[in-house]
Amino acid sequence: MKRNKHRTILTILGIALSVAALTFVVLFSSAFRNAEEGKIIEKEGGWHARFHQVTEKQIQEIATWNKTKQIAVTSNCEEHAGNCVDVELKHPGVSAIGRTQRFAEKINMSILPEEEQYEDIGHEKIKYNITYHYSLLELYGIFYEGAQGSGALTLTMIVIIIIFSSVFIYNVFAISVSEKIRYLGMLGSVGATRWQKANCIFFEGIIEGMSGIFLGLIQGIFIEKQVLSRKSDMEFIINRIDIGMILLCGLLIVSLASMIPASRARNASIMDMVIRRYPSKLEGQKLTT
């Protein structure tokens with residue numbers, strides 16, 4: 001790292017740019033989701049799932065379910081007779097439909113006729129009489145007719161950033177391994193294990209990765225604040241879940257980028273030390289007598 005400062009700086013800046021892009025996408029998505037969520041809740045209500053034709057006992061079980069945040073009970077809901085319960089979930093997410101269907105089975109709700117059953121976009125079987133608030137749930141990545149909406153767009157952008165960033169940083173780490181191949185072969189000749197040689201690359205990736213992630217996170221937050229300060233209908237919001245997601249994605253980028261170079265370093269042999277033709281940089285030393 002010290003011998004090639006330009007490559008080290010380039011790696012850190014590449015990681016920082018990737019994490020800054022991730023930070024902007026994640027935080028902007030959260031701000032947009034909260035703004036849209038407020039509009040939908042004001043117009044249509046804040047329920048995520050509506051359980052139809054439930055008994056008093058089932059209502060009590062729904063109210064005490066550990067996934068339930070709050071409920072509202074009404075009668076003769078839509079075209080269905082009997083009581084129905086509007087449920088706001090504590091943590092709505094991509095598994096919300098599966099969780100509610102399994103809970104409906106647990107509390108012995110009536111199964112829909114075969115012709116009324118269907119599969120959602122995630123191939124989750126809808127067998128019980130539950131209506132889902134898709135206009136609200138799509139903000140959390142849940143869709144009825146395909147991957148459309150802000151949730152899918154955010155996930156797609158995050159995946160694209162991770163892939164392209166990993167490829168770019170992989171190339172830099174691969175160059176680093178090529179420069180060190182004679183040194184790694186020498187380590188093998190004096191008894192270093194394969195994992196010790198791989199750890200040379202992993203350690204370098206961790207140092208550069210943590211520096212780049214921290215720098216990128218600060219840059220992303222600053223850019224996000226500047227953009228949202230010009231939008232009166234969107235509020236800057238930052239929480240631990242978003243920060244944790246950004247950090248995990250940053251670590252994933254560094255891990256994916258360093259995996260193959262580390263494997264190559266692990267397999268460096270004594271022959272690589274002998275046949276490699278990269279010249280070594282010799283530094284003058286003062287002789288003492």
Side-chain angles (χ1 to χ4, degrees), residues 23-54 58-101 103-104 118 120-122 124 126 128-158 221 223-246:
T23 303
F24 179 81
V25 169
V26 172
L27 296 185
F28 187 86
S29 174
S30 293
F32 176 81
R33 183 179 63 200
N34 287 334
E36 289 298 306
E37 186 178 36
K39 296 176 184 177
I40 293 172
I41 290 174
E42 183 179 358
K43 183 179 179 180
E44 304 174 7
W47 58 275
H48 299 114
R50 177 172 289 165
F51 291 69
H52 295 280
Q53 298 174 317
V54 289
Q58 290 169 338
I59 292 174
Q60 292 298 321
E61 290 177 302
I62 294 171
T64 56
W65 186 31
N66 61 359
K67 307 298 183 182
T68 300
K69 183 177 182 180
Q70 61 182 12
I71 68 169
V73 182
T74 58
S75 59
N76 298 320
C77 188
E78 297 178 350
E79 72 276 13
H80 303 282
N83 292 326
C84 66
V85 181
D86 290 344
V87 179
E88 181 181 352
L89 300 172
K90 291 180 180 178
H91 305 290
V94 293
S95 60
I97 293 178
R99 288 202 307 263
T100 52
Q101 288 292 313
F103 181 70
Y118 64 95
D120 72 341
I121 191 63
E124 191 71 48
I126 308 299
Y128 297 92
N129 198 355
I130 303 175
T131 301
Y132 295 98
H133 197 174
Y134 284 106
S135 60
L136 184 59
L137 289 175
E138 75 169 12
L139 298 175
Y140 299 92
I142 303 172
F143 316 98
Y144 175 63
E145 295 180 345
Q148 303 171 355
S150 63
L153 179 61
T154 300
L155 293 174
T156 301
M157 293 180 67
I158 289 174
I221 291 174
I223 295 171
E224 180 76 11
K225 283 185 176 181
Q226 297 301 312
V227 171
L228 294 184
S229 64
R230 297 177 173 84
K231 292 184 175 290
S232 58
D233 60 334
M234 296 177 65
E235 181 182 358
F236 176 76
I237 296 175
I238 186 169
N239 56 58
R240 290 178 295 178
I241 295 177
D242 289 339
I243 294 298
M245 180 179 179
I246 294 166

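Below, all heavy atoms of this structure are taken into account, side chains as well, without hydrogens, waters or symmetry copies. Not measured: the values here are computed from a predicted model.
Leu228 contributes atom CG, which lies 7.5 Å from atom CZ of Phe24 (distance to the nearest 0.5 angstrom). In this structure, the separation between CD on Glu88 and NE2 on His133 is 11.5 Å, given to the nearest 0.5 Å. Expressed to the nearest 0.5 Å, how far CD1 of Ile221 lies from CG of Leu27 amounts to 6.5 Å. Taking SG of Cys84 as the start and CD of Gln53 as the end, the distance is 9.5 Å to the nearest 0.5 Å. Remark: His48 NE2 to Arg99 CZ distance equals 10.5 Å, nearest 0.5 Å. Atoms CD1 and CE, from Ile241 and Met245 in turn, are 10.5 Å apart once rounded to the nearest 0.5 Å.
The closest side-chain heavy-atom distance from Leu136 to Glu37 is below 4.5 Å. Between Phe32 and Glu36 there is a side-chain heavy-atom pair separated by less than 4.5 Å.
Judged by distance alone, the side chain of Asp242 and the main-chain N or O of Ile238 form no donor-acceptor pair under 3.5 Å. Thr68 places a side-chain N or O within 3.5 Å of a backbone atom of Ile62 that can act as its donor or acceptor partner. In terms of modelled atom types and a separation under 3.5 Å, the side chain of Lys90 and the main chain of Asn66 share a donor-acceptor contact.
Neither side chain, Thr23 nor Glu224, offers a donor N or O lying under 3.5 Å from an acceptor on the other. Side-chain contact of Thr100 with Tyr128: a donor-acceptor pair under 3.5 Å is absent, judged by distance alone.
Atom CD of Gln226 has more than 12 neighbouring heavy atoms from other residues, nucleotides or ligands inside a 6.0 Å radius. Within 6.0 Å of CD1 in Ile41 there are more than 12 heavy atoms belonging to other residues, nucleotides or ligands.
Closest approach of His52 and Thr131 over heavy atoms only: NE2-OG1, 2.7 Å.
By the 4.0 Å N-to-carboxylate-O rule, Lys39 lies too far from Glu42 to be salt-bridged with it.
Test Leu89, Asp86, Ile71 against Trp47 for side chain to side chain contact (heavy atoms under 4.5 Å, CB included) and you get one pass: Asp86.
Between Phe51 and Phe103, the ring-plane angle classifies as perpendicular under the 30° and 60° cut-offs.
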